[in-house]
A.B. asks: 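Structure below; questions to follow.
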Amino acid sequence: MTSTPLVRAFSGVQPTGRLHLGNYLGAIKPWVEHQHARENLFCVVDLHALTVPEAIKPDELKARSRNVAAAFLAAGIDPSVSSLFIQSHVREHTELTWVLNCVTPLGWLERMTQFKSKSEGRETVGTGLLDYPVLMAADILLYDSQVVPVGEDQKQHIELARDVAVRFNHMFGETFVVPQPSIPLSGARVMGFDEPTVKMSKSIAESRPHHAVHLDDTPEKIRKSIMKSVTDAGCDYDPATASPGVVNLMHVLSAVSGEGIPSISSRYTGKGYGYLKQEVAEAVTAELAPVQDKYRRLLDEAGYLDQVLAQSTAKVRTLAEATMTRVRHAIGIG
RNA sequence: AGGGGUAUAGCUCAGUUGGUUAGAGCAGCGGAUUCCAAAUCCGCAGGUCCCGGGUUCGAGUCCCCGUGCCCCUGCCA
């Protein structure tokens with residue numbers, strides 16, 4: 001049986017902070033639902049987690065990387081279909097980064113908006129923070145990735161990866177596949193429960209417990225965070241005019257139940273927000289329960305997780321080695 | 001490299017001539033209130049006072065060494 005090769009997609013997730021409902025509904029769940037549509041490489045990018053050295057907790061980083069991988073499996077990523085591996089386990093990422101560094105003009109990095117916003121106000125900025133987009137380019141180019149599903153905030157980084165690939169190809173001959181950004185699969189954009197005007201964020205959630213619902217939260221905590229979520233003094237469920245917090249709650253409910261926003265809106269018209277919150281809390285708890293169950297089992301008997309990671313790593317390493325051989329040959333090293 | 005300034009709670013900062021248990025505002029957490037939230041009120045928690053030495057009965061405070069950051073002046077095959 002032969003089939004046309006699937007488009008290869010690369011997705012990275014940082015092992016910083018705990019995964020939350022926004023990560024789940026916005027990214028993981030849609031990935032699971034569409035994992036047969038293309039060849040997916042899911043990479044826990046622990047090297048990217050080093051870019052803010054003040055935040056590195058060496059004794060926790062390994063565990064966090066494994067936790068993220070376990071969460072992916074628990075959410076339904078099928079390791080026989082998709083690859084799931086940890087970035088630092090494939091050494092070629094760092095080697096390619098150095099080569100690409102030498103090809104990347106400094107100005108390209110200095111004008112990255114994420115670098116500017118992340119370095120703003122910080123006392124010291126490590127070189128790694130500036131170099132972050134090059135590491136990301138290496139991640140993508142190493143596997144001849146054709147598409148990279150990212151949100152608006154990461155689009156500039158994909159463009160940099162393209163620019164670097166084109167520049168290298170131009171200087172040293174056709175070596176890299178030039179990747180395309182792709183709209184992430186129709187994921188919900190979940191806003192912070194305590195501040196519904198900003199996207200739910202792992203870093204904010206670390207200092208504000210009720211900012212997010214985490215994948216490993218207890219039902220009591222889930223309920224509390226949702227009940228405490230910010231709304232307004234009125235009673236408006238019209239998606240066009242309702243306050244951000246109410247709209248966010250309706251989106252979350254829609255994402256887990258599949259019910260359309262207009263239907264939810266009309267069901268609750270005339271009722272207090274408390275009732276909506278209760279339903280959201282119950283729906284989220286029910287949605288997460290089986291995932292949490294599997295997640296705990298995976299971490300309890302770590303053998304399976306390690307085996308999955310080892311198999312995926314071996315598989316993707318073949319791709320990485322092939323690319324690096326081309327790169328070394330093109331540029332004259334190795 | 002030299003000179004100066006600075007380092008205290010998650011953030012912004014107080015902290016007297018060296019003196020009891022290092023404080024405030026904001027943020028956070030819990031409670032009251034509210035259909036829920038907000039506002040308000042009550043309460044709670046949070047610190048290696050940058051690291052290491054020294055002086056002293058006693059050091060956040062004084063001295064020395066180191067480190068990070070900011071400013072100035074230089075050096076640079």
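Numbers restart at 1 for each chain; the letters A, B, ... are given by sequence-line order, proteins then strands.
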A.B. asks: With a 4.0 Å cut-off, would you call Arg66(A) and Asp306(A) a salt bridge?
C.D. replies: yes
A.B. asks: Would you say that Leu135(A) contacts Gln87(A) through its side chain, given a criterion of any heavy-atom pair below 4.5 Å between the two side chains?
C.D. replies: yes
A.B. asks: Given the side-chain rings of Tyr237(A) and Tyr273(A), with only the six-membered ring counted for Trp, is the space between their centroids under 6.0 Å?
C.D. replies: yes
A.B. asks: Under 4.5 Å side-chain heavy-atom separation, chaining through any Ile, Leu, Val, Met, Phe, Trp or Tyr, what else clusters with Val147(A)? Say none if it is isolated.
C.D. replies: Val7(A)
A.B. asks: Using the C1' atom as the reference point in each nucleotide, state the distance between C71(B) and U56(B) in Å, no decimals.
C.D. replies: 35 Å
A.B. asks: Considering only heavy atoms, which members of residues 254-262 of chain A lie under 4.0 Å from some atom of RNA chain B?
C.D. replies: none
A.B. asks: What distance, rounded to whole Å, do you find between the two C1' atoms, one in A59(B) and one in G15(B)?
C.D. replies: 14 Å
A.B. asks: Using the P atoms only, state how far G60(B) lies from A22(B), rounded to an integer number of Å.
C.D. replies: 9 Å
A.B. asks: Is there side-chain contact between Asp153(A) and Lys199(A), with at least one heavy-atom pair below 4.5 Å?
C.D. replies: yes
A.B. asks: Using a side-chain heavy atom cutoff under 4.5 Å and only I, L, V, M, F, W and Y, what cluster partners does Val198(A) have?
C.D. replies: Ile204(A)
A.B. asks: When you compare U12(B) with C70(B), how far apart are their P atoms, in angstrom units rounded to a whole number?
C.D. replies: 14 Å
A.B. asks: Can we call the ring centroids of Phe168(A) and Phe176(A) under 6.0 Å apart?
C.D. replies: yes
A.B. asks: What's the gap between G43(B) and C11(B) when it is taken at their P atoms, as a whole Å value?
C.D. replies: 26 Å
A.B. asks: Along nucleotides 27-36 of chain B, 5' to 3', which nucleotides get a B, which get an S, and which get a -, given that the test is a protein heavy-atom distance under 4.0 Å?
C.D. replies: -SSSS---BB
A.B. asks: If we take the P atom in both G28(B) and C69(B), what is their distance in whole Å?
C.D. replies: 31 Å
A.B. asks: I want to check something: taking the side chain as every heavy atom from C-beta on, are Ile226(A) and Val213(A) in contact at a cut-off of under 4.5 Å?
C.D. replies: yes
A.B. asks: Is the His211(A) to Phe193(A) ring centre distance short of 6.0 Å?
C.D. replies: no
A.B. asks: Any chance you could encode RNA chain B as dot-bracket? Rule is Watson-Crick or G-U wobble with both distances under 3.5 Å; [ ] for pairs crossing earlier ones, | for another strand.
C.D. replies: (((((((..((((.....[...)))).(((((.......))))).....(.(((..]....))).))))))))....
A.B. asks: How far, in whole Å, is C76(B) from G54(B) if one measures between their C1' atoms?
C.D. replies: 38 Å
A.B. asks: For the pair Phe10(A) and Tyr143(A), name the ring-plane relationship: parallel under 30°, tilted 30 to 60°, perpendicular over 60°.
C.D. replies: parallel
A.B. asks: Could you pull out every donor-acceptor pair under 3.5 Å between side chains of residues 102-110 of chain A and any protein atom, sequence neighbours left out?
C.D. replies:
from      : atom 1 : to        : atom 2 : distance (Å)
Thr104(A) : OG1    : Leu100(A) : O      : 2.6

A.B. asks: Between G58(B) and U20(B), how far is it from one C1' atom to the other, in whole Å?
C.D. replies: 11 Å
